[in-house]
Each structure stands twice: as structure tokens, then as C-alpha cells.
Amino acid sequence: MRGRTISPGKACGEALVSKTPISFYGGVDPKTGIVMERGHELEGKCVKGKILVFPKAKGSTVGSYVIYGLKRNGVAPAAILNEDTEPIVAAGTILAGIPCVDKIDIGKIRTGDKLVVDASEGIVEIE
Amino acid sequence: MYLTREQERILEGEYGEVMERSLRLLVKLGEIYGADRMIPVSSVQVAGVSYKSIGDPGLEFLEDLAAGGTRVRVLTTLNPAGMDLIDWRKLGVPLDFAAKQLKIIEAFRRMGVAMTITCTPYLAGNLPRFAEHIAWSESSAVSFANSVIGARTNREGGPSALAAAICGVTPNYGLHLTENRNPSVVVKVSAELKSSSDFSALGYCIGKIIGDGIPYFKGVKWASTDQLKALGAAMAVSGAVGLYHIEGLTPESESVETSGVETIEVGAEELRRVYEELSTGEDPDIIMLGCPHASLDEIIAFASKLGEKHLRKPVWICTSRYTKDIATRMGLVERIERLGGRIVADTCAVVSPIERMGYKTVGVDSGKAASYLPSLCGQKVVFRSTDYLLKRWVG
């Protein structure tokens, strides 16, 4: 699949897919990488080292700092894939150096799929 | 993207590393979202101020910026911190937390950022005019500025807002462009909205349904400024709504295009379900009001309802220092505190470490607070109107 480069870089890993939007602030613990939003479909799951896939972001503008904090604390996702990346996530991934691509059909990706992401070229492959 | 000669020189490093890095972030965002150029902004609101929210990585990031002698170029105001910067000892804020928080504030102060320390900058000295370009973070303030004032900002993340403050510009895309401010959905409201918390429940319900859309409300006959503040704040939590219109009440509602837009309906039953979904507790240990920060009018109303009755449970009303000072001069702070309440400035329930202060269940009148308190503060929540909370628990 070919999408739009949000933040360059390469990554490979296992997909962790959410069908619903994610708020990084209040939604993901920057110290552990565990999703903590009550009732969220990924509640209790850890994003560390995963290719985190979700349609869009929601919520607080502090989300950029949470993404940056995840990276600095060593618990960041290896890459982020979206349908539409909003500026809050874009600023966070660029600042943190986390590869990020959007404008792809995330419906083709299942949790556990092995993905290879070349975000600089906007290319995502399912192995 | 077109860049001026000066902007090119910034990218070549002539104005130092921090300016270069900041403008590079803005140019990247502009390229991603198809901006044709940078536009000057007249003010910036910076989010990501509480130590609890940004932690050590954020503190180091800000100290690096400040150490380079960076100054903001335009009026830049600041979001709430993790504690009342004067009364933090009295409120039981842990010492280690306070030390880090004061360092964050000091870094912003050195950069020339205005110490408003509120999520309602428009009530505390940062009031843009209609159609003015600004670069704000703080999702509730973004919504208020775009919708109620008609100023223009995207939902900036904390770091991109700070970059705009340092460079004085933002990329021209998204909600800065007239054609992107048309509604994506018409919302017919059949429920009677009686309180700010009803507006908050409506916002929570709509944000969840429309995500990052732009709603156009019909059937809302009247709303106070404070109710509009509550509506926008909740939509920016359950969704990513940065702009809404209300027929006859908000400034762009007459000029935007609603024909051919899908319509949804919301009634009393939908609002009841929001109250139910967000209420996870039964008997609050404390009532926390002022999310977003309470206005002067809200504090006056609270004081007049309270009269001379002693509160049976602690009540915090969070607000800006600016508003608290006026309430102090009116004698309201002294009276409310004598009766067992607290007017807390510079912070709020969500960004302060209340989970370390012995509280388990919080009563709130805000959908935003009700959404964030369980995950960020480990609290159970009772979400009801201000009047109900006062009558049932404390009055």
C-alpha cells in the first residue's frame, strides 16, 4: 500500500489495530505505553514496539507531548499508520522521530499482521 | 510552499538552531497538509504545561528551548499547570511534583510567555477578533476561538503551537481557509438544554458520533458563553472537533453552506445515556467544578446559591488567577473558603495529582473532566449538573 509520508523512517513489526480513534493524552500512559482509556478497545494493551494502526486521533492537544514522551521513555510504537493523521499526531511523530504514514486503507490490516513500513516513501507492506 | 527570503534564511540557520528547528516543524506540517505559505499569527495558546502531562521528557524539551535564549515573537499565553502556583502547599501537592512543575513554569517565563496559566485565555487577556489568524493548542480553547469568536486556528499540538510562537507564523491550511469552515453535518437538537452540563453531554455525544467533523446545530435557542465553552470542550474530548456552528448564535452560522449536508437528531434520551455512561461512581469525596476554568459569572452564581450554608463535602472551583483576583476583591473567595470550598487557580482536577491526595470519587459538571479523570487520576466520577451536585451532596 502507498500512502502519504507524515514522519519519515523505516520500521517493521507486529500490527496493533484499533478501529476507533485514539487520544494519546489520557488514552496512553507515556511511562508504560499501555492504553488506559476506560472502555477503549485496546485498553490494557501495550503499544511498545508495535506498528500502531488507528483511523484518526481525538482529544487533547497535549497528545504530541505524550507521543514524544513514549519515545523518550523507550515505550513508543515502532511506527504509526492512520487513515487521516491530524496535526497533533503529526507534530508528535516528527518531534519524536517515529515513522508515520497516512492515507492508506487500514481496513486491510489485522492485529498480529507482520508489517514492513518505509515511511519515507509512504510504503506499507503486509508480509 | 512559498517561503519569504527571511524564512529561507531561518531555515539556513542564520537565526540560530531553535528558530531553524521550529520553522522546520511548521514547514513539514505545511507540506503534509498542502499549505501554500506561512501566515502571521497574532497570538498563541500553549498546552502541555502540567508536569503530570508532559513529564521529564517535556520538561527537558522546554528547558533546552529556554536555555538557548529563545523568546516568543507574539502574545503567547499558557495552559493550566499541575498545581496552584501560590497555594500548592495548602492544597497538599507533593514536594517532588511541585519542584518539577516550578521548573517548567520558569522555562516558559524565560521565553517571554505570558503567565495566564488557564485553559480560558479568552477570559484572561488573550482575546482574538473575528477572522484573525492564531495558532492555539488546548482543544477547548481552540473550539471556543474558532466557533464562538470566529477566529481561525487549527487544533495545534503543544509543540507546534510553541513553534508558531517562536516564529510568529503558522502554515496556511485547514481551518485557516474559509472553504474548510463549512459544516459536515447538521445536528437537530430536540432535547431541552437546561444547564452547562446538558451542553457538555450534548458535546460529548456529538464528538463521539462525528469525530473530526464540523457540526451545525439547529434547535438551540439560547446559550450563555459558559455553556458554549462547555459544549466545545466536550466535543474536543470524545472527538476532534475544532469548530462548530449554532444557527443564530455563532458568528459564521449565517455565512456557511449547509445545503446537501447530512442531518442527525439528538434528543433527551441520548443525553441521558451520556450522563449514565460517564458516571462511574456513586458518592463523591469531593466536588470539582471549573472544567474548563470557571468564569467570573460562574463563581458569582455559585456564591449566590451557596449563601451562608456550610459545605458538607469539599468543593474545588478551578479558575484562572485573573478571575480569582476579581472574585477575591468582591469578597467571594473569602466567603466560599470560610464555608469549606476552595477557589483553586492555575490548575484543574485533570492536570493536578489528585490521585496522590487521597480522593477516590469526584463529582463533576463537565463531560471533559468526567472523561479524563478515570484514566488520568484513577477516579470514579459522578457527572451531573452543578445544581444537582450542590443540592444532593454539599448544600
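A, B, ... follow the sequence lines: proteins, then strands. Residue 1 opens every chain. This is a predicted model, so every value here is computed, not measured.
Contacts with chain B (heavy atom to heavy atom, under 4.5 Å) involve these residues of residues 53-62 of chain A, listed by number: A:K56, A:A57, A:K58, A:G59, A:S60, A:T61, A:V62. Residues of residues 21-35 of chain A lying under 4.5 angstrom from chain B, judged on non-hydrogen atoms, are A:S23, A:Y25, A:G26 by number. Scanning residues 113-127 of chain A against chain B with a 4.5 Å non-hydrogen threshold yields no residues. Residues of residues 86-102 of chain A lying under 4.5 angstrom from chain B, judged on non-hydrogen atoms, are A:E86, A:P87, A:I88, A:A90, A:A91, A:I94, A:L95 in numerical order.
With a 4.5 angstrom heavy-atom cutoff, B:P374 touches chain A only via side-chain atoms. Neither the backbone nor the side chain of A:T20 comes within contact range of chain B; no heavy atoms are under 4.5 Å apart. For A:N73, the part lying under 4.5 angstrom from a heavy atom of chain B is the side chain only. For B:E31, no part sits under 4.5 Å from any heavy atom of chain A, backbone or side chain. Only the backbone of B:A236 comes within contact range of chain A, with at least one heavy atom under 4.5 Å from a heavy atom of that chain. Contact annotation for B:S238: only backbone heavy atoms (N, CA, C, O) come within less than 4.5 Å of a heavy atom of chain A. Proximity to chain A (any heavy atom under 4.5 Å) is restricted, for B:L62, to the side chain, taken from C-beta onward.
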Practice prompt. List the steps, then state whether salt bridge (Lys or Arg N to Asp or Glu O under 4.0 Å) holds for B:R356 with B:D96.
Written response: CA-CA 12 Å; B:R356 294 173 66 183; B:D96 56 330; 3.2 Å; yes

Discussion item. Before you tell me yes or no, could you show the steps for B:Y204 and B:E277 under side chain to side chain contact (heavy atoms under 4.5 Å, CB included), namely the whole-Å CA-CA distance, both residues' side-chain angles and the distance that decides it to 0.1 Å?
Written reply: CA-CA 11 Å; B:Y204 186 88; B:E277 179 191 330; 3.2 Å; yes

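With 3.5 Å as the limit, one finds a donor-acceptor pair spanning the side chains of B:S140 and B:E138.
Judged by distance alone, the side chain of B:S160 and the main-chain N or O of B:E156 form no donor-acceptor pair under 3.5 Å. No side-chain donor-acceptor contact under 3.5 Å links B:S143 to the backbone of B:G242.
Residues A:E37 and A:L42 form no side-chain contact, since every pair of their non-hydrogen atoms from C-beta on lies 4.5 Å or further apart.
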